[in-house]
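Below: the structure, in structure tokens.
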Amino acid sequence: MSPSRELKAAALAAAGTAAAAAGLGLRHLRDRDGHALDSDAYRLLAGEPVGLGVKRAILAQVDDAVAELRGETDSDPDEGIHEARKDMKKVRSALRLVRDHLGDDLWRRENDHYRNVARTLSGFRDAEILVESLDGLVERFGAPARERLAGLREQLERDAKAAYGDGSIERAMAGAAAELSAGRPATAGLPL
């Protein structure tokens, strides 16, 4: 077999392995030489066809978001929501890259799905960020700001505790994870 044919055969084998991994949700793959492949990388792997690589990267981000929302990582709920929302932004950016290939209707359906799931979590993240931002202002401007903003901070902290304290965050995270899992087959079936 000629060197160019061997290279093509190796690339096809790696692409087939990556495609199978994306379809099965596998994380730890090996190329034919036994080297580990980073199947959840948010980039194309060497020799990987673009369409399969984009789909693999999207599905890996969906799986990561679901893991964060189900508490399968070391993240606390606030960090889990933040990481899941970042994953969904990456999904949407990858979808934008293939929008012309998917067509507007299919792209819009997928984009809207991930945007809407992320929106269900935004209130929790916003409540925490407001307190952190206010603390940053107080740190920057010192005691006068602390005194003037004390009432506002107390209100923001009450709002954040209310958002987190009544179990609604757990319900929202579980619901978002379920929505992502339910939408995964449609994403896996994208014609890429």
Exercise. Do any N or O atoms from the side chain of H101 and from the backbone of P191 form a donor-acceptor pair under 3.5 angstrom?
Worked result: yes
Seminar exercise, completed: d(R109 CZ, L106 CG) to nearest 0.5 Å is 5.0 Å
Exercise. Considering all heavy atoms of both residues, which atom of L121 and which atom of A172 are nearest to each other, and what is their separation?
Worked result: CD2-O, 3.9 Å
Exercise. Is any side-chain heavy atom of F124 closer than 4.5 Å to a side-chain heavy atom of P77?
Worked result: no
For this session: Starting from the C-alpha separation in whole Å, work towards a yes-or-no answer on side-chain contact (heavy atoms from CB on, under 4.5 Å) for L95 and V54.
Result: CA-CA 8 Å; L95 287 169; V54 169; over 6 Å; no
Exercise. Under 4.5 Å between any side-chain heavy atoms of L149 and V138, yes or no?
Worked result: yes
Problem set entry | Minimum-distance pair of heavy atoms, taken over all atoms of D63 and R184 | OD1-NE, 2.8 Å
Exercise. Can you hop from L156 to I169 via hydrophobic side chains spaced under 4.5 Å?
Worked result: no
For this session: Inspect the surroundings of CZ in R171 and state if more than 12 heavy atoms from other residues, nucleotides or ligands are less than 6.0 Å away.
Result: yes
Exercise. What pair of heavy atoms forms the shortest contact from A186 to E110, and how long is it?
Worked result: CB-OE2, 3.7 Å
Exercise. Side chains of S75 and E68: is there a donor and an acceptor less than 3.5 Å apart?
Worked result: yes
For this session: Mind listing the closest non-hydrogen atom pair of R85 and A118 along with its distance?
Result: NE-O, 3.5 Å
Problem set entry | Any donor-acceptor pair under 3.5 Å from S133 side chain to L130 backbone | no
For this session: Would you name the heavy atoms of S181 and R70 that are closest together and state the gap between them?
Result: OG-NH2, 3.0 Å
Exercise. Can you tell me if CZ on R99 sees more than 12 non-hydrogen neighbours from other groups inside 6.0 Å?
Worked result: yes
Exercise. What distance separates E139 CD from L134 CG, expressed to the nearest 0.5 Å?
Worked result: 12.0 Å
For this session: Go through the steps for E79 and H82 under the test side-chain contact (heavy atoms from CB on, under 4.5 Å), then give the verdict.
Result: CA-CA 5 Å; E79 186 66 20; H82 177 62; 4.0 Å; yes
Exercise. For R146 and R153, what are the C-alpha separation, side-chain angles and deciding distance, and is it a side-chain contact (heavy atoms from CB on, under 4.5 Å)?
Worked result: CA-CA 9 Å; R146 182 176 297 110; R153 189 185 192 292; over 6 Å; no
Exercise. Is any side-chain heavy atom of V62 closer than 4.5 Å to a side-chain heavy atom of M88?
Worked result: no
Exercise. Got a donor-acceptor contact below 3.5 angstrom from the N111 side chain to the W107 backbone?
Worked result: no
For this session: Could you check if a side-chain atom of V98 sits within less than 4.5 angstrom of a side-chain atom of L190, using non-hydrogen atoms only?
Result: no
Exercise. With hydrophobic residues grouped by side-chain heavy-atom distances under 4.5 Å, do I81 and V131 end up in a single group?
Worked result: no
For this session: State whether D64 and K90 are salt-bridged, where the test is any N-O pair (Lys NZ or Arg NE/NH1/NH2 against Asp/Glu carboxylate O) under 4.0 Å.
Result: no
For this session: May I ask you to decide whether E48 forms a salt bridge with R56, counting only side-chain N to carboxylate O separations under 4.0 Å?
Result: yes
For this session: Please step through side-chain contact (heavy atoms from CB on, under 4.5 Å) for the pair S93 and Q61, ending with a clear verdict.
Result: CA-CA 11 Å; S93 70; Q61 295 304 308; over 6 Å; no
For this session: Identify whether I129 and M173 are in the same connected component of the hydrophobic contact network (ILVMFWY, side-chain heavy atoms under 4.5 Å).
Result: no
For this session: Answer yes or no: is there a side-chain heavy-atom contact under 4.5 Å between E154 and E157?
Result: no
For this session: Please round to the nearest 0.5 Å and tell me the distance separating atom CZ of R92 and atom CD1 of I58.
Result: 12.0 Å
Exercise. Should D105 and R108 count as an ion pair when the cut-off is N to O under 4.0 Å?
Worked result: no
Exercise. For L180, which of V91, T187, L69 qualifies under side-chain contact (heavy atoms from CB on, under 4.5 Å)?
Worked result: L69
